[in-house]
A.B. asks: 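Got a structure for you, written out below as structure tokens; questions coming shortly.
Heavy atoms only: backbone and side chains are in, while hydrogens, waters and symmetry mates are out. One-based numbering, in listed order, for ligands and for the atoms of each.
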Amino acid sequence: MSTRQPYQLVSREWKTEDTVFEINGVHIGRDRVMIAGPCAVENQEQICTITEFLSKLGIRFLRGGAYKPRTSPYSFQGLKTEGLILLREAADKYGMAVVSEIMSEDKISELVEYADILQVGTRNMQNYPLLRALGKAGKPILLKRGMSSTIEEWLLAAEYIVSSGNERVILCERGIRTFENATRNTLDIAAIPLVKSLSHLPVILDPSQGTGIRDLVPAVSKAAIAAGADGLIIEVHNQPKEALSDGDQSLYLDQFADMLPVLEEIAKLDNRRFGYTREKVRI
Ligand code: PEP
Ligand code: MN
């Protein structure tokens, strides 16, 4: 069979039903997924404080960069292996799954050891050898949209991974570059329903990179869930003002907690709840 689009395996034409896969008790693509954590792992105290707080809210997915693709070579580049160890230890203490960025092929075996979902950043969406190698990594992949990529290019990037043997791909809209510079990126909310109509893969949204502004994150998160997003990946920090990366867009812990009830209410409207059970959790 061949489809009318240039991408095949990821298209709705190829497969009509939603792709659903289970990670840490959450059926990605059916339940909504909430992934939260700092932009980067900085030290043990930081990651433990954040993880403990998130786990009390019932969050099951912990994000944290250990290998950070920074615009400047002089900015904090991440704790690398040490960061992955700290992230894994913190997550294991609370039964959480780990999401962390893979920057290059030579680090796949290390990431596979420590992370449950490998994140491909916006800058690497067109790193085709990396995408092909991730088709054989045996772990789910969170594929960010390239900041200058069209939806077709993004779906073709996903096609590289799926056609190389890995169907567990989560697409993540994170904003694109436009003439507008009042926000860090221009968030393409319409991409959510559009990509979901074109592809059977789950689509989540990153309101943190998408806006660059902490106080915009709650409103944009609500919009994404209302638009049918399969989940969110959100940066939170115990001391955003001291953060070594992306502090301006990182939510305070209380700000994150305050935002959850309304997101849950919106998620209930089309009967696709978040895959965690806040009701059972006591803070
Ligand atoms: C991040 O999630 O911290 C990140 C670097 O994301 P992006 O690749 O979307 O900029
Ligand atoms: Mn970041």
A.B. asks: Are the charged groups of D270 and R32 less than 4.0 angstrom apart, N to O?
C.D. replies: yes
A.B. asks: What I want to find out is whether R12 reaches D18 closely enough, with some N-O distance under 4.0 Å, to be called a salt bridge.
C.D. replies: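 A salt bridge links R12 with D18.
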A.B. asks: Please name the pair of heavy atoms, one in Y67 and one in L84, separated by the smallest distance, quoted to 0.1 Å.
C.D. replies: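 Looking at all heavy atoms of both residues, the shortest contact is CE1-CD1, 3.9 Å.
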A.B. asks: For residues L142 and W154: do they belong to one hydrophobic cluster (side chain heavy atoms under 4.5 Å, members Ile, Leu, Val, Met, Phe, Trp, Tyr)?
C.D. replies: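 In one cluster: no.
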A.B. asks: State whether K268 and E264 are salt-bridged, where the test is any N-O pair (Lys NZ or Arg NE/NH1/NH2 against Asp/Glu carboxylate O) under 4.0 Å.
C.D. replies: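 No salt bridge links K268 with E264.
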A.B. asks: Between R132 and E105, does any NZ, NE, NH1 or NH2 come within less than 4.0 Å of an OD or OE carboxylate oxygen?
C.D. replies: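 Not counted as a salt bridge, because no side-chain N and carboxylate O are separated by less than 4.0 Å.
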A.B. asks: Quick one: how many protein N/O/S atoms are under 2.8 Å away from the Mn ion (ligand 2)?
C.D. replies: 3
A.B. asks: I59 pairs by side chain to side chain contact (heavy atoms under 4.5 Å, CB included) with which of F256, F53, F274?
C.D. replies: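 Running side chain to side chain contact (heavy atoms under 4.5 Å, CB included) over F256, F53, F274 with I59 returns exactly one hit, F256.
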A.B. asks: Is any side-chain N of the basic residue among R184 and D246 closer than 4.0 Å to the acidic one's carboxylate O?
C.D. replies: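 Yes.
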A.B. asks: For a salt bridge (Lys or Arg N to Asp or Glu O under 4.0 Å) with E173, tell me which candidate from K196, K144, R145 qualifies.
C.D. replies: R145
A.B. asks: Could you list each N/O atom of ligand 1 together with any protein N/O atom closer than 3.5 Å, one pair per line with the distance?
C.D. replies:
residue	atom	partner	partner atom	Å
ligand 1	2 (O)	R63	NH1	2.8
ligand 1	2 (O)	R63	NH2	3.3
ligand 1	2 (O)	Q119	NE2	3.0
ligand 1	2 (O)	K144	NZ	3.1
ligand 1	2 (O)	Q209	NE2	3.2
ligand 1	3 (O)	R63	NH2	3.0
ligand 1	3 (O)	K68	NZ	3.0
ligand 1	3 (O)	Q209	NE2	3.3
ligand 1	3 (O)	E235	OE2	3.1
ligand 1	6 (O)	K144	NZ	2.9
ligand 1	8 (O)	T122	N	2.8
ligand 1	9 (O)	K144	NZ	2.7
ligand 1	9 (O)	R174	NE	2.7
ligand 1	10 (O)	R174	NH2	2.8

